[in-house]
Visitor: 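Structure in structure tokens, see below.
Computed from a predicted model, the values in this text were never measured in an experiment.
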Amino acid sequence: MSGSDLHPFYDLHTHGFVRVATATPKVRTADVAFNAAAILECAKDAAEEHVDLLLYPELSLSSYALDDLHLQSALLDAVDAQVEAILKASRDLAPVLVFGAPLRRNGRIYNCAVVVARGELLGVVPKSYLPNYREYYEKRWFAHGRGCVGLTIACTGREVPFGTDLLFEAKDLPGFVFGIEICEDFWAPIPPGTQAALAGATIVLNLSASNITIGKADERHLLSRASSSRSICAYAYSASGHGESTTDLAWDGQGMIYELGDLLVESERFDLAPELCVADVDTQRILAERMRMQTFNDAAEAAGRPEDRYRRVAFEHAGPRGDYGLRRPIRRFPFVPNRAHKLDEDCYEAFNIQVDALMRRIEATKPKCLVIGISGGLDSTHALIVAAKAMDRLGRPRSDIRGYTMPGFATSDTTKSNAWRLMEAFGTTAEEIDIRPSATLMLENIGHAFADGQPVYDTTFENVQAGLRTDYLFRLAGQHGGWVIGTGDLSELALGWCTYGVGDQMSHYGVNAGVPKTLIQYLIRWTIQTGQFDPGVDAVLGDVLDTEISPELVPAGADGQIQSTQSIIGPYELNDFFLHHVIRWGQKPSHVAFLAWHAWKDAKSGLWPIDFPDDAKNAYDLVTIAEWLEKFLKRFFGFSQFKRSAMPNGPKVSAGGALSPRGDWRAPSDAVADTWLAELADALPPLDA
């Protein structure tokens, strides 16, 4: 969908995305006219897919495996003529084209990247490092480009910028800045692309020929991933494919695009047909990470500020605007491990970060016991799992874990039963303390209406119960020479969904403080699936997972409906999505909303975590996402920081971040959310509730 009436929110460019593609065109050895036509064919296909930047393989105009034919004047004249043909034919094509060609300058031939935008020749970048070992012999034909800075080159009768000091920048699309290196360049110890990134390129392109041998595809992935991660950029790689000369070598046409170490898309190798490998690069995410990662900026200073010596070639992109979707993998559950081949390892790692941290605290303080409140809900269940595993590894009996279930005014038979079953299955010391008499007395003492028989279930009513439970746990810890394990999780800390001070916000050590609700759910499933404990434990864990998430502080209504946490603060799966993108990447609310909409609008599309239950696969429209995001912003930025500023110790678990004021997150407790709310409101289209 496109048009002048389209709201800007739906256009990926509004949010700093650039649609990048690698191309594996048809190629015929030394047939320059044929290759030019193939380049244009891919360019037209890319234009139909609304691509902004299109990358071709090394020497794609002449073909790579030419040997001494590179030195033939007739071939080089044909290259010049076909560059002109491409310029004329691409005037009405939106994608910026970056293709390879051998070009002459001052009595030398250079292996070059040619950059074309809407029929304009923007500039030429020569290859810096020429392989001349094993099967490679490039120094026989080409001059290296190292030291070629501040120069121009005559091509198609035009004098255009030439050198390794070029960046190309779209004036009308902030963040769309790309640099170039060619094949062997990124095998060098200090790749030219790294310098381009330090100079300001958010996207680095690699035009490659790179013949295929066993295991080499993995090596390219390694280097591309490392380049994108180390240089904090997007990295696009395109290698020569079928049609190159196979006199002594073979070619697989590998194409891939990485962003900050994440693989966005890769091609089908050894494909006989021309192929486009398309992904949308998030330049705002890249730039935000550079602001956050001071090592990157220090490296730029240490390298002599490359931005001062690089030339920026500006162009008007005037690319397509419209609702063209979003072509990149978006994890609905960004905190949940999603690598199929590493699933067990990732879950093991997440779980054992908590276990090891708790073990260290036990070793350091030598408590006689661990005290934990067991509600039968997700958080206390997972904290108990961690505590049990820690005790097992320390060689201590699980009876040193003192579990207490403390039913209140709204505790259900289901959760109370689950709490007892859990404690019995794990073999902990188990007791029950009914807090209702104490809570009633406190409500009487403070003159609360509930004590007079009125159904007043306000925050005070809830906090009296939550506070008493914590008060009992601390007094019990003192009585038995132990300390209290906190059960509250990262999601609750983000939303302030905890009772401050003498409440579930406080403990001696918060093992779940770095684990969001969605990861806790998944780790409990993993615990069952991998048989971490015995079948008796697994059966109870399965029942806990099937229980509605509720604080159980307000009695059920006349219709039998229990208090539902997610109906009040929003689905945890959305809140965790919002949290990840806000604290890990610092993204604007509108950017988060755009990503969430594409991630969640269709339950049938995209990837779900492995073994995720079908009946739990939800979808949300933009109205719903905007509603809950607004509430998240109010709670996270404008309400709950004072609770986080005084939170107990607890381990960071996910690279997505934690909220400890001593670790990832530092913020004032008296800030307001107005800026974030205004940004979201201004950016969203009109929404019909």
Side-chain angles (χ1 to χ4, degrees), residues 12 16-24 46 49 51-55 57 178-179 181 183 186-187 191 193-194 197 201-208 210 212 215-239 241 252-271 275-286 288-290 293 325-346 349 577 580-581 584-585 595 598-599 605-610 654-656:
L12 61 93
F17 290 96
V18 176
R19 183 158 293 177
V20 180
T22 66
T24 309
E49 297 197 39
V51 168
D52 299 302
L53 178 61
L54 182 57
L55 171 68
F178 66 91
E181 61 186 13
C183 199
F186 92 140
W187 266 276
T194 299
T202 56
I203 303 167
V204 176
L205 307 179
N206 188 309
L207 306 83
S208 180
S210 185
I212 187 60
K216 196 170 186 180
D218 288 342
E219 186 179 2
R220 297 175 189 147
H221 271 293
L222 171 67
L223 292 171
S224 295
R225 182 183 182 191
S227 293
S228 71
S229 182
R230 184 180 58 247
S231 298
I232 310 182
C233 66
Y235 195 91
Y237 177 92
S238 179
D252 64 336
Q254 186 172 21
M256 55 190 150
I257 301 172
Y258 276 87
E259 178 186 299
L260 304 184
D262 297 330
L263 179 62
L264 301 185
V265 68
E266 60 180 318
S267 66
E268 179 181 343
R269 296 164 57 219
F270 300 105
D271 196 348
E275 185 176 1
L276 291 178
C277 189
V278 184
D280 294 330
V281 166
D282 189 346
T283 63
Q284 286 187 7
R285 178 181 181 232
I286 291 165
E289 183 68 352
R290 288 181 179 178
M293 181 71 76
L326 189 62
R327 298 182 64 168
R328 63 185 278 122
I330 310 174
R331 294 171 62 182
R332 289 178 171 93
F333 295 86
F335 290 104
V336 173
N338 71 329
R339 302 185 298 171
H341 65 297
K342 292 282 191 180
L343 178 63
D344 183 70
E345 180 182 323
D346 288 349
E349 196 166 51
F577 186 96
H580 172 82
H581 289 282
R584 177 64 185 90
W585 305 112
L595 288 170
H598 280 285
S605 66
L607 296 176
W608 290 88
I610 300 160
S654 167

Visitor: Assess the side chains of His221 and Tyr237: does a donor N or O sit below 3.5 Å from an acceptor N or O?
Guide: no
Visitor: Does Glu268 have any salt bridge (Lys or Arg N to Asp or Glu O under 4.0 Å) partners at least two apart in sequence or in another chain, and if so, which?
Guide: none
Visitor: Testing the basics here: between Cys183 and Ser208, what is the closest heavy-atom pair and its distance to 0.1 Å?
Guide: SG-OG, 3.1 Å
Visitor: Between Arg285 and Phe17 (side chain of the first, backbone of the second, donor and acceptor by atom type, cut-off under 3.5 Å), is there such a pair?
Guide: no
Visitor: Donor-acceptor pair, distance only, cut-off 3.5 Å: does the side chain of Arg290 make one with the backbone of Ile232?
Guide: yes
Visitor: Phe270 versus Gln254: any side-chain heavy-atom pair under 4.5 Å?
Guide: no
Visitor: Any donor and acceptor pair, going by atom type alone, linking the side chain of Arg225 with main-chain N or O of Gly261 inside 3.5 Å?
Guide: yes
Visitor: Does the side chain of Phe178 come within less than 4.5 Å of Leu53's, by heavy atoms?
Guide: yes
Visitor: Tell me, with the steps shown, if Tyr235 and Glu181 meet side chain to side chain contact (heavy atoms under 4.5 Å, CB included).
Guide: CA-CA 10 Å; Tyr235 195 91; Glu181 61 186 13; 2.5 Å; yes
Visitor: For the pair Asp280 and Arg19, evaluate salt bridge (Lys or Arg N to Asp or Glu O under 4.0 Å) and give the outcome as yes or no after the intermediate values.
Guide: CA-CA 4 Å; Asp280 294 330; Arg19 183 158 293 177; 2.6 Å; yes
Visitor: Are Val281 and Thr202 side-chain neighbours, meaning at least one heavy-atom pair lies under 4.5 Å?
Guide: no
Visitor: Taking all atoms of both residues into account, what is the closest heavy-atom pair of Gly253 and Thr24, and its distance?
Guide: O-OG1, 3.4 Å
Visitor: Could you measure the distance from the CZ atom of Arg327 to the NE2 atom of His598? Nearest 0.5 Å is fine.
Guide: 12.5 Å
Visitor: So, using side chain to side chain donor-acceptor pair (under 3.5 Å) as the criterion, who are the partners of Glu349 when residues are at least two apart?
Guide: none
Visitor: Under a 4.0 Å threshold between the charged nitrogen and the carboxylate oxygen, would Asp252 count as salt-bridged to Arg220?
Guide: yes
Visitor: Of all the heavy-atom pairs spanning Ser231 and Thr194, show the shortest one and how long it is.
Guide: OG-OG1, 3.4 Å
Visitor: Does Phe335 reach the side chain of His580, with side-chain heavy atoms less than 4.5 Å apart?
Guide: yes
Visitor: Over all heavy atoms of both residues, which pair between Cys233 and Ala201 is shortest? Give the atoms and the distance, please.
Guide: CB-O, 4.3 Å
Visitor: Are the side chain of Asp52 and the backbone N or O of Val20 linked by a donor-acceptor pair below 3.5 Å?
Guide: no
Visitor: Do Trp585 and Leu260 come within less than 4.5 Å of each other through their side chains, counting heavy atoms only?
Guide: yes
Visitor: Check Arg328 against Leu264 and note the closest heavy-atom contact, atom names and distance.
Guide: NH1-CD1, 3.9 Å
Visitor: Can you find a pair of side-chain heavy atoms, one from Phe577 and one from Phe333, that are under 4.5 Å apart?
Guide: no
Visitor: Nearest 0.5 Å, what's the CG-NZ distance between Leu222 and Lys216?
Guide: 13.5 Å
Visitor: One thing to verify: whether Glu289 and Arg584 come together as a salt bridge, which I'm taking to mean a side-chain N less than 4.0 angstrom from a carboxylate O.
Guide: yes
Visitor: Using the side-chain contact (heavy atoms from CB on, under 4.5 Å) definition, which of the options Ser228, Ser267, Ser224 pairs with Met256?
Guide: Ser224
Visitor: Kindly indicate whether the side chain of Thr22, heavy atoms from C-beta on, has any atom under 4.5 Å from the side chain of Ile257.
Guide: yes
Visitor: Do Trp187 and Glu219 meet the criterion of a side-chain donor-acceptor pair at a distance under 3.5 Å?
Guide: yes
Visitor: Does any donor atom in the side chain of Glu266 or Tyr258 lie under 3.5 Å from an acceptor atom in the other side chain?
Guide: no
Visitor: Taking only residues two or more places apart in sequence or in another chain, which ones pass side chain to side chain donor-acceptor pair (under 3.5 Å) with Asp282?
Guide: Gln587, His591
Visitor: Could you report the tightest heavy-atom contact between Ile212 and Ala217, atom names first, then the distance?
Guide: CD1-N, 4.0 Å
Visitor: Side-chain contact, heavy-atom cut-off 4.5 Å: Val278 with Val265?
Guide: no
